[in-house]
Amino acid sequence: MTSKKSSSDFAGLFTLMRENLKRRLWPIALSILGCLFALPIYTLLNIGSFQEDLALLLTTLPEVQAQFFGNILSFANIPVLLLSAGLALVNGLQGMLYLHSRVKGDMYGALPVKRVSLFDAAYVNGILIFAIPYLAAHLLSAGIGASRGFVTGGTFAYGLLCALIVIVFYTCMYTLVVLASVGTGNTVVALMGAFVLTIGGLVYGTLLYICRTVFFVTYYEPGHYSFLKEFAFTSPFAALGTIISSENRLMKDFTILETLGIPGDVAATTIVYLIVTVILYILCRKLIMKRPSEAAGKAIAFPASKPFIKVFLLIPAALFGALAFRTITNGKMSWFVFGFFGGLLITHAVAEIIFEFDFKACFKRPVSLCAGAGIAAVIALCFIFDVFGYDSYLPRADQVASVGLSVNGLQSRLEYGMDTADLGLDMFRYYPSNFEVRMERMALSDSEAVQKLAGSGIENAKSLRMDMILHAGNTEFTPPVTYEDSALYDELATYGTTYYHYRMNNGREIYRQYLVNYCDEEMLSALSEIYAEDAFKEAVFPELTAKNDTIGTLYYEDPRNSIPFDETPQQIDNILDTYRSELRAQTLESLKEEYPVGCLVSRVYNQEYHYYDSQYYMYIYPSFEKTIALLEQAGFSPLTTYESDEVEQIDAYCYMDDYSMNATFEEKDEIREIMPHVIYDEYYSMNWILQEDQLKQTEPVVYLDAYYRNGNNSGSSRTYFMVSYRIRNGECPPFVMEVLEESKE
């Protein structure tokens with residue numbers, strides 16, 4: 001008898017679905033038309049350009065096969081994603097319209113049919129209205145591509161898996177719209193509810209992200225950070241953004257298409273959203289059974305939910321309002337409070353008016369208003385005063401597997417070649433800053449010196465936090481020596497931003513940035529100890545571990561020259577080995593007075609783009625005596641970089657707050673007196689946190705353009721080769737400033 005009853009229910013569902021489809025003709029037509037444009041027609045538009053590129057030999061067939069899959073058959077087909085989101089909204093609202101009509105509600109209530117059966121019929125139809133035309137259009141597009149040879153067996157099968165993923169996310173978005181329709185009694189309110197349910201979690205995620213960037217002094221965001229990946233489970237839209245980004249991996253490794261290797265995060269995200277969809281469907285069925293018949297026409301079908309909905313809306317409204325006014329007023333906390341209450345009260349009034357369809361209702365439910373205000377205030381205070389200790393968190397040494405760190409102002413102009421751009425982070429290719437390359441490569445032990453720098457940075461962060469609260473406007477994370485009213489300001493202090501990458505034993509990765517005073521002898525001693533470690537230097541100077549046969553064509557460069565070596569491989573190997581030996585022996589103390597005098601640059605040929613990439617930049621310091629001796633034997637003269645013999649003219653200029661000064665020097669005696677005090681502009685700030693003449697800037701900065709004879713005319717409007725220098729602080733010859741003063745503008 002159970003089997004017979006089940007069969008009867010099943011047949012009844014089909015009957016209800018058939019009747020329901022008669023009232024959904026225009027969504028069906030819209031879905032069919034949309035799928036035709038998003039897939040077959042879009043395919044035909046792309047095929048023309050693919051065939052043209054193949055005919056002109058601008059691409060290859062495997063590349064076209066990958067592009068065809070990525071643009072059309074994968075889950076990254078943008079027209080399909082836009083269509084699925086639009087149809088989820090249309091089908092969800094149109095399918096549940098009977099819940100918002102009292103006439104239809106009375107009519108369906110008089111039928112000898114269970115509520116949940118009517119709901120199930122409408123719900124399933126809403127999925128099929130999209131899924132069937134989409135799958136048919138997908139197969140048609142694949143057939144069109146296969147007829148041109150643009151679809152392989154692997155991409156066809158993988159394309160079907162991607163189609164199923166699209167259907168899963170459509171169903172999730174559709175079910176959220178259905179839930180909004182079930183929970184309301186008015187279609188317009190249901191539309192608002194669908195918007196809240198679909199992106200509400202993402203709004204909270206965005207709020208969390210903004211608050212930590214604004215209020216956490218030590219917050220650091222690595223270049224490979226993905227906002228959508230972090231908050232993928234807050235909204236289907238965030239998840240789709242993450243999934244689309246994984247398509248880049250498929251295009252980088254075409255073999256994954258042939259082996260049907262679905263990326264792990266894509267599979268996991270899809271499974272989670274499939275489970276969420278099932279839970280939402282069950283919730284909708286439960287609510288349908290409890291939904292009052294008189295709910296049709298009202299804003300909210302379940303009055304008891306109104307305070308909870310309002311509190312959910314009040315929290316982000318109050319905090320976003322506070323943050324907006326704080327940003328506009330450059331961090332003033334009084335305006336932060338104004339924005340907080342402004343967003344709170346406006347959202348309260350709007351929500352109550354919508355709930356009751358009555359303007360007078362804006363004074364109702366003060367308890368939920370106070371609850372929302374209290375929760376939002378607690379969240380704000382937790383961020384402002386760092387209640388949970390984000391900025392003061394220092395991992396225990398036994399919890400840390402390794403540490404990568406980089407100091408801004410230490411070897412700061414050192415660049416890294418293109419081969420470092422990926423860093424093993426396969427989410428997408430990006431071009432990291434030099435300090436990020438170091439953090440990712442470096443694997444220091446969590447030594448006492450490493451903890452000492454971090455501990456000092458944490459103490460400075462506490463001072464900055466109080467400064468941020470008590471002194472409005474001084475809230476940006478910049479060296480506080482730039483403004484004198486900072487709590488950290490000290491004429492004898494110079495703060496260098498120090499970036500940390502903790503790799504924990506449990507696999508977690510933590511990033512922080514600290515301000516550390518490197519004029520403090522204790523901090524400088526700790527940094528000196530770290531600088532001496534092989535793990536530090538090998539991350540900062542990758543040429544230390546590179547084998548000679550992997551190093552490309554070697555050039556010698558200084559401010560005036562870029563000359564390839566013509567020595568034998570054995571001589572070049574000797575120069576490189578000697579350079580490595582002296583670089584490993586280099587101490588932090590030696591950098592206090594030294595500036596580079598030249599650079600060895602290796603270049604490798606880029607097969608993809610057909611030009612030479614710089615591989616390693618190996619700077620030569622005056623203390624590298626053995627390396628310099630070998631370079632002199634090779635015909636180079638690093639120690640004569642700043643000689644004045646070939647300088648024909650110097651243009652000096654200086655910029656002050658309200659005027660500028662400039663002068664020209666052509667006398668040989670004047671040029672000879674100036675040149676011993678200059679530094680090549682690109683070398684000057686290499687190690688600025690250590691250079692005493694930069695830490696105590698007592699004179700205006702004087703820049704120089706020196707014109708050399710026998711030049712290549714590059715970089716000059718004259719017939720000479722121009723090089724930009726600057727005069728060291730405290731070493732400007734008096735006659736230079738006298739002439740400059742006479743030229744005030």
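For the pair I129 and L21, the minimum side-chain heavy-atom distance is below 4.5 Å. Using a 4.5 Å heavy-atom cutoff, the side chains of F119 and C284 are in contact. Using a 4.5 Å heavy-atom cutoff, the side chains of Y273 and P236 are in contact. Here the side chains of I279 and L283 are not in contact, with every heavy-atom distance at 4.5 Å or above. Two residues are said to be in side-chain contact when any heavy atoms from C-beta on lie closer than 4.5 Å; L179 and T175 fail this criterion. In this structure the side chain of T269 reaches within 4.5 angstrom of the side chain of F169, judged on heavy atoms. Taking 4.5 Å as the limit, some side-chain heavy atom of L99 sits within range of a side-chain heavy atom of I288. The side-chain heavy atoms of H138 and V166, taken from C-beta on, include no pair separated by under 4.5 Å.
Scanning both residues, S31 and L87, for their nearest heavy atoms gives OG-CD1, 3.6 Å. Heavy atoms only, all atoms of each residue included: A301 and R291 are closest at CB-NE, 3.9 Å. Nearest heavy-atom pair across S74 and G70 is OG-O, 2.8 Å. What you find for S368 and L314 is that their closest heavy atoms are O-CD1, 3.7 Å. Among all heavy-atom pairs drawn from H100 and T187, the shortest one is ND1-OG1, 3.2 Å. Closest approach of S141 to I72, counting heavy atoms only: CB-CG2, 4.1 Å.
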- Item | L176 vs F195, side chain to side chain contact (heavy atoms under 4.5 Å, CB included): CA-CA, chis, key distance, verdict | CA-CA 9 Å; L176 285 169; F195 180 77; over 6 Å; no
- Is there a side chain to side chain contact (heavy atoms under 4.5 Å, CB included) between K310 and H348 once you walk through the steps? CA-CA 7 Å; K310 190 173 78 173; H348 159 74; 3.0 Å; yes
- Could you walk me through whether D53 and V64 pass the side chain to side chain contact (heavy atoms under 4.5 Å, CB included) check? CA-CA 9 Å; D53 289 345; V64 170; 5.8 Å; no
- Query: Could you go step by step and tell me if Q67 and N46 meet the side chain to side chain contact (heavy atoms under 4.5 Å, CB included) rule?
  - Reply: CA-CA 10 Å; Q67 291 175 15; N46 278 271; over 6 Å; no
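Y225 contributes no side-chain N or O that, together with a main-chain N or O of Y220, makes up a donor-acceptor pair within less than 3.5 Å. No side-chain donor-acceptor contact under 3.5 Å links R326 to the backbone of G339. No side-chain donor-acceptor contact under 3.5 Å links E356 to the backbone of A299. Formation of a donor-acceptor pair under 3.5 Å by the T242 side chain with backbone atoms of L228 is found in this model. Remark: side-chain polar atoms of S147 are paired, donor with acceptor, to backbone N or O of I144 under 3.5 angstrom.
F357 CZ: more than 12 foreign heavy atoms inside a 6.0 Å radius. Sparse packing is recorded around CD of E52, with 12 or fewer heavy atoms of other residues, nucleotides or ligands lying under 6.0 Å away. Counted within 6.0 Å of OH on Y511, heavy atoms from surrounding residues, nucleotides or ligands total more than 12; the atom is thus considered enclosed. The environment of CE in M289 is sparse: at most 12 heavy-atom neighbours from other residues, nucleotides or ligands sit within 6.0 Å.
Note that CG of L97 and CZ of R23 are 11.0 Å apart. Values are rounded to the nearest 0.5 Å. Atom-to-atom distance recorded for F302:CZ and T184:OG1 is 10.0 Å, nearest 0.5 angstrom. Between M173 atom CE and L89 atom CG the span is 10.5 Å, to the nearest 0.5 Å.
For the residue pair N20 / Y123, no side-chain donor-acceptor distance below 3.5 Å is found, with atom types taken as modelled.
Look at E221 and R212 and you find no salt bridge, because none of the NZ, NE, NH1 or NH2 atoms lies under 4.0 Å from a carboxylate O.
Ring to ring, F312 and Y204 are close: their centroids are under 6.0 angstrom apart. For F383 and F216, the distance between ring centers is under 6.0 angstrom.
Partners of F227 according to the ring-ring contact (aromatic ring centres under 6.0 Å, His included) rule, which considers only residues two or more places apart in sequence or in another chain, are Y209, F231.
Test I47, T152, T155 against F68 for side chain to side chain contact (heavy atoms under 4.5 Å, CB included) and you get one pass: I47.
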